Amino acid sequence: MKNINAVITGVGAYLPDYVLTNEELSKMVDTSDEWIMTRVGIKERRILKGEGKGASDMGAEAVKELLKKTNTAPEDVDLLICATVTPDHVFPATGPIICDKVGIKDIQSFDVNAACSGFLYALDVANKFVKSGMHKKVVVVGAEKMSSITDYTDRTTCVLFGDASAAVMVEPTEEEVGVMDTILRSDGSGRQHLLMKAGGSVNPSSHETIDAKMHSVYQEGQAVFKRAVSNMADVSAEIAERNNLTADDIAWLVPHQANLRIIDATARRMGIDKEKVMINIHRYGNTTSATIPLCLWEWEKQLKKGDNIVLAAFGAGFTWGSTYIKWGYNS
């Protein structure tokens, strides 16, 4: 029996039109372009405008582009996984809503919530479904309307986040390309440092929780930064070492786009030149589960079949991980 690998065969994305610049933010809250660029490296971010618009609207647009680029009919998709922390609703899941909006009918679909590591977690699920032989065309989409849970009076968090969606197609192959290895980890003891305090079963929504602004992102920046720097760098180095990859062997490092200093620390730990690191945080900010596939989409034309690529992320939970893939096609 031949070995089956799961390979990414296409990438689609959607970015809202509205651009929120540092200059505009400085009129809303006590901050400046210099302060933001020095600490996190973000120049601007995209914001989804429009009444009743949610993560599924962006996810649907990303999936539509993906289906078009891969010449895939909606009825040929047999699984869709949505990674998100900003679902349209607490329930139902956003994945089935995306399916409905793009004409994908009667398939298995669900959401994965691993915060900024969500895409890696969802890709791992897709990898295992494909390798099992049960599914042939799996869509993994990261879709985030972070503006919906951002407090624009909190200068420490409102500068960080943007809205976007990106999606990949995952299919079986007998070639030595695709997802080669994955390391995923979590540590729930870090939950108090990065979370949305209310809206769940511990603190249900109430006048008090709304007045206290407990439905927005809460972050203790220093605690998160320290863990992110060490954990994301460690797991990226670990996956390279256990696959005997040197810095020269790696064509691209694709880090989660949360903070430029975290990205730089990960690259330094792996000995990878900045020219081989995908960085677009300055244009889009932190789009949580959409950052990594958004990078793949933006760099797609530069990727070559067989390229060794390391994906890395760290997020609330805490969750973190790294995935080693061999790119599967030439654009």
Side-chain angles (χ1 to χ4, degrees), residues 16 20 25 28-31 40 42 45-59 82-98 110-119 121-122 141-165 186-228 231 256 258-259 285-291 313-320:
L20 178 59
L25 271 175
M28 300 161 59
V29 70
D30 181 20
T31 191
V40 291
I42 300 170
R45 65 289 291 151
R46 301 296 183 94
I47 303 296
L48 181 65
K49 298 283 190 176
E51 190 71 28
K53 295 287 186 180
S56 70
D57 294 287
M58 293 183 291
C82 177
T84 186
V85 296
T86 54
D88 286 13
H89 313 281
V90 173
F91 68 90
T94 300
I97 299 172
I98 293 173
F110 53 88
D111 291 358
V112 169
N113 178 349
C116 295
S117 306
F119 178 77
Y121 271 68
V141 53
E144 300 286 10
K145 187 183 177 184
M146 291 303 295
S147 62
S148 68
I149 58 169
T150 297
D151 176 3
Y152 286 97
T153 66
D154 178 2
R155 70 192 292 263
T156 63
T157 59
C158 73
V159 302
L160 302 176
F161 299 104
D163 302 339
S165 179
S186 67
D187 179 5
S189 69
R191 63 191 179 277
Q192 73 271 19
H193 300 302
L194 179 54
L195 76 162
M196 189 167 76
K197 293 183 176 181
S201 57
V202 171
N203 286 309
S205 302
S206 67
H207 285 295
E208 288 75 19
T209 63
I210 293 170
D211 291 343
K213 297 185 177 180
M214 295 172 66
H215 295 265
S216 303
V217 176
Y218 169 81
Q219 176 173 271
E220 295 171 3
Q222 275 304 111
V224 174
F225 179 82
K226 288 178 183 177
R227 285 291 297 272
N231 289 18
H256 168 56
N259 183 304
N286 182 352
T287 58
T288 313
S289 64
T291 66
F314 180 91
F318 289 130
T319 62
W320 67 99

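Please read all numbers here as calculations on a predicted model, not as lab measurements.
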Residues which pass side chain to side chain contact (heavy atoms under 4.5 Å, CB included) with [X], listed by chain and number, not counting sequence neighbours:
X      : result
Ala198 : Asn203, Thr209, Met214, His215
Met28  : Leu20, Glu24, Leu25, Tyr152
Leu195 : Lys197, Tyr218

Might you point out which heavy atoms bring [X] and [Y] nearest each other, and give the distance in Å?
X      : Y      : result
Val29  : Cys158 : CG1-SG, 3.8 Å
Thr84  : Ala55  : OG1-CB, 4.4 Å
Met146 : Thr86  : SD-CG2, 3.8 Å
Met58  : Ala164 : SD-N, 3.7 Å
Asp57  : Gly54  : OD2-N, 2.8 Å
Ile97  : Pro92  : CD1-CG, 4.3 Å

>> Applying ring pair (Phe, Tyr, Trp, His ring centres under 6.0 Å), can you list everything that pairs with Tyr121, at least two apart in sequence or on another chain?
In response: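 Partners of Tyr121 by the ring pair (Phe, Tyr, Trp, His ring centres under 6.0 Å) criterion come out as none, since no residue qualifies.
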
> Checking side-chain hydrogen bond (donor to acceptor under 3.5 Å, both in side chains) for the pair Glu144/Ser289: CA distance, chi angles, key distance, verdict?
Replying inline: CA-CA 7 Å; Glu144 300 286 10; Ser289 64; 2.8 Å; yes

>> So Val217 and Leu194, do their side chains get closer than 4.5 Å, heavy atoms only?
In response: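 In contact.
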
>> Is the shortest side-chain heavy-atom distance between Pro87 and Asp111 below 4.5 Å?
In response: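 A side-chain contact exists here, since the closest heavy-atom pair is under 4.5 Å.
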
Please set out all donor-acceptor pairs under 3.5 angstrom arising from side-chain atoms of residues 112-119, sequence neighbours excluded.
from   : atom 1 : to     : atom 2 : distance (Å)
Asn113 : OD1    : Ala115 : N      : 3.2
Ser117 : OG     : Thr319 : O      : 3.1
Ser117 : OG     : Thr319 : OG1    : 3.0

> Would you find a donor on one side and an acceptor on the other, under 3.5 Å apart, between the side chain of Ser186 and the backbone of Phe318?
Replying inline: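 Side chain of Ser186 to backbone of Phe318, a donor-acceptor pair under 3.5 Å: no, none is there.
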
>> Strictly distance-based, threshold 3.5 Å: is any side-chain N or O of Arg155 a donor or acceptor partner for the main-chain N or O of Asp30?
In response: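 Yes; at least one donor-acceptor contact below 3.5 Å.
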
>> Quick test of your reading: applying salt bridge (Lys or Arg N to Asp or Glu O under 4.0 Å), list the pairs with at least one residue in residues 219-228, sequence neighbours left out, ordered by first then second residue.
In response: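 As it turns out, the salt bridge (Lys or Arg N to Asp or Glu O under 4.0 Å) pairs with a partner in residues 219-228, which skip direct neighbours, are Asp187-Arg227.
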
> To the nearest 0.5 Å, how far apart are OG1 in Thr150 and CZ in Phe161?
Replying inline: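 Reported to 0.5 Å precision, the distance equals 6.0 Å.
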
> To the nearest 0.5 Å, how far apart are SG in Cys82 and CZ in Phe110?
Replying inline: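 One gets 10.5 Å once the value is rounded to the nearest 0.5 Å.
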
>> Run Val40 and Leu160 through side chain to side chain contact (heavy atoms under 4.5 Å, CB included) and show every step you take.
In response: CA-CA 8 Å; Val40 291; Leu160 302 176; 3.6 Å; yes

Not counting sequence neighbours, which residues clear side chain to side chain donor-acceptor pair (under 3.5 Å) with [X]? List them please.
X      : value
Asn286 : His256
Thr153 : Asp151, Lys213
Glu208 : Ser206
Ser147 : Asp163

